[in-house]
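This report refers to the structure that appears directly beneath it.
Atoms considered below: every heavy atom in the structure, side chains included; atoms not considered: hydrogens, waters and symmetry mates. Quantities reported herein were computed from a predicted structural model and do not represent experimental measurements.
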There are 2 protein chains.
Amino acid sequence: MFCKVPNSKRRLYHQFCGLARALDFVGERWTLLIIRDLLLGPKRYSDLLNGLPGLTTNLLAKRLKELEQDGLIEKTKVPPPNPASVYQLTNLGLELEPFLLAGLEWGHRFLTRPTEEEVLDIGWSLLRLKNLYKTGYQLTFEVHTENKIYHSALRPQQIAVRDGPHPDSELRLTGPPVYIHELFFGPTPASELPDQGLIVVEGKFGRWPRLLAAFGLS
Amino acid sequence: MFCKVPNSKRRLYHQFCGLARALDFVGERWTLLIIRDLLLGPKRYSDLLNGLPGLTTNLLAKRLKELEQDGLIEKTKVPPPNPASVYQLTNLGLELEPFLLAGLEWGHRFLTRPTEEEVLDIGWSLLRLKNLYKTGYQLTFEVHTENKIYHSALRPQQIAVRDGPHPDSELRLTGPPVYIHELFFGPTPASELPDQGLIVVEGKFGRWPRLLAAFGLS
DNA sequence: CCGGATCCTCGGTGATACTG
DNA sequence: CAGTATCACCGAGGATCCGG
């Protein structure tokens, strides 16, 4: 059995309520965003630090320590070659996904175009596909931006969205993050962007319309 | 159209991500708990203050101002008699319910028995019935504790949980909050508590088993 | 009494520098 | 690369006071 209250001595709400208890665990600044990034795959300390501009190293260290103590994440060693310690979600941490996705869904309405000072990691947008997917498809595709690669695996009963390439990818979308975002969530019909040359679609024939259908795009 | 970023100048994440944007609005301390309480019905300033021990008056005032500016709540006047200004959720605020309920569901696993210093408002527990209800029933019931009354209206397609009595209540559960909680969510079969005299069930015949069935209780 | 505003203190947050 | 140490600051918490 897990502990019923966060371990480290932070400020608690002292309310016998599921929501208050959840916020006792992950309600502090940056915590939920760290979990969001780990939802896309295990990450090293510096990966998290670089991926979360504004979060400083001392606070990241503190958050990771708390999350580990609380049993939401665990620090594991990646076997050689390239031995490194990475942080990944435990089952308890993974189960925060519905909470996280619900918040992402609510806040999505405010996203139009990123402002000058705003950071955009296309993985954050791709997570929303988990809310949109209606099941019943079989397809694996990759998304390539400048320096990052994500993939998504659509199966009849589920969808996975993770960082990195996929060994059996059938389709590849390449383009700037902002256009990838617009392709999936923008007001313009998704099929226009490749036509305009803003996004390059490569891969097996017939997979592209299937991808559009899987998320109800035109 | 609503504003795309919170109005008041607080600390923002500056990330082009729905979750980060949601947290820009409601990620600060106490904010989501205020919305939780308003989800159960409109409330006056002092209602909120009394219902949220630990929240101080200055901070409540600040939060309410921010929430109103952001368009999540609105301050309305209740007509006489007993004219008072109450705060209630706007549609935008109401749409936070899935997010809130998802968090409540995740944190619920940590609730066993309230500790000495922990506050328990049975309305918070009753909100979870929204997650448990499977549709297909028709029933209205009230929950009476010492000084608070809540009601729930089960309809074929939806469920409502609010504070106050209901004009057409068919069933009334009376007892201490901790036993009401245990009745719905405790490990012991729900039907035992009335048998032991810890909870009093009154109302129309046949409604009691229907209530148990509506939430998958034994 | 209701609905706040003001003052003060303390701890969490953020920025920078430093170390194994 | 993966953190720790130090410090400034601001927001949270607590108490008191104010206007209707």
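- Taking the charged nitrogens against the carboxylate oxygens, A/Glu66 and A/Arg63 do have a contact shorter than 4.0 Å, which makes a salt bridge.
- Counting to the nearest Å, the P atom of D/dA2 and the CG atom of A/Leu60 are 11 Å from each other.
- As rounded to whole Å, 11 Å separates atom C1' of C/dT13 from atom OH of B/Tyr13.
- Each of C/dT13, C/dG3, D/dA12 was ranked by its minimum atom distance to the side chain of B/Arg63; first place goes to D/dA12.
- Nucleotide D/dA15 holds its P atom 14 Å from the CG atom of B/Leu55, rounded to whole Å.
- Regarding B/Glu28, its CD atom lies at a distance of 16 Å from the P atom of C/dG12, rounded to whole Å.
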Is there a salt bridge (charged side-chain N to carboxylate O under 4.0 Å, His left out) between A/Lys75 and A/Glu68 once you walk through the steps? CA-CA 8 Å; A/Lys75 192 176 178 176; A/Glu68 192 178 3; 5.9 Å; no
All N/O donor-acceptor pairs, side-chain side in residues 90-102 of chain B, below 3.5 Å, sequence neighbours left out:
{"residue": "B/Thr90", "atom": "OG1", "partner": "B/Gly71", "partner atom": "O", "Å": "2.6"}
{"residue": "B/Thr90", "atom": "OG1", "partner": "B/Leu72", "partner atom": "O", "Å": "3.1"}
{"residue": "B/Thr90", "atom": "OG1", "partner": "B/Leu92", "partner atom": "N", "Å": "3.4"}
{"residue": "B/Thr90", "atom": "OG1", "partner": "B/Gly93", "partner atom": "N", "Å": "3.2"}
{"residue": "B/Glu95", "atom": "OE1", "partner": "A/Arg109", "partner atom": "NH1", "Å": "2.4"}
{"residue": "B/Glu95", "atom": "OE1", "partner": "A/Arg109", "partner atom": "NH2", "Å": "2.9"}
{"residue": "B/Glu97", "atom": "OE1", "partner": "B/Lys130", "partner atom": "NZ", "Å": "2.9"}

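- Of the side-chain N and O atoms in B/Arg29, none sit less than 4.0 angstrom from OP1 or OP2 of C/dG12.
- Atom CG of A/Leu49 and atom P of D/dC1 are 11 Å apart (whole Å).
- Using a 4.0 Å heavy-atom cutoff across all strands shown, A/Ser46 reaches sugar-phosphate atoms only and no base atom.
- Within the structure, salt bridge (charged side-chain N to carboxylate O under 4.0 Å, His left out) pairs that include any residue of residues 141-150 of chain B comprise B/Asp121-B/Lys148 (at least two apart or interchain).
- Distances were taken from every side-chain heavy atom of A/Thr56 (C-beta onward) to each of C/dA5, D/dT4, C/dT16; the shortest belongs to C/dT16.
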Give the intermediate values and the outcome of ring pair (Phe, Tyr, Trp, His ring centres under 6.0 Å) for residues A/Phe141 and A/His166. CA-CA 8 Å; A/Phe141 67 95; A/His166 188 284; over 10 Å; no
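- When the side-chain nitrogen and oxygen atoms of B/Lys43 are compared with OP1 and OP2 of C/dG3, none of them lie within a distance under 4.0 Å.
- In this structure, CD of A/Glu66 is placed 8 Å from P of C/dT13, rounded to the nearest angstrom.
- What separates CD1 of A/Ile73 from C1' of D/dA2 is a distance of 14 Å, to the nearest Å.
- Rounded to whole Å, the distance from CG on A/Leu12 to C1' on C/dG11 is 14 Å.
- Judged by distance alone, with hydrogens and angles left aside, B/Asn58 brings a side-chain donor or acceptor within reach of the base of D/dG14, the pair sitting under 3.5 Å.
- Counting non-hydrogen atoms under 4.0 angstrom, A/Thr57 reaches a base of the nucleic acid.
- Toward the 5' end of DNA chain C, the nearer of the two residues A/Leu59 and A/Arg11, judged by each one's closest nucleotide, is A/Arg11.
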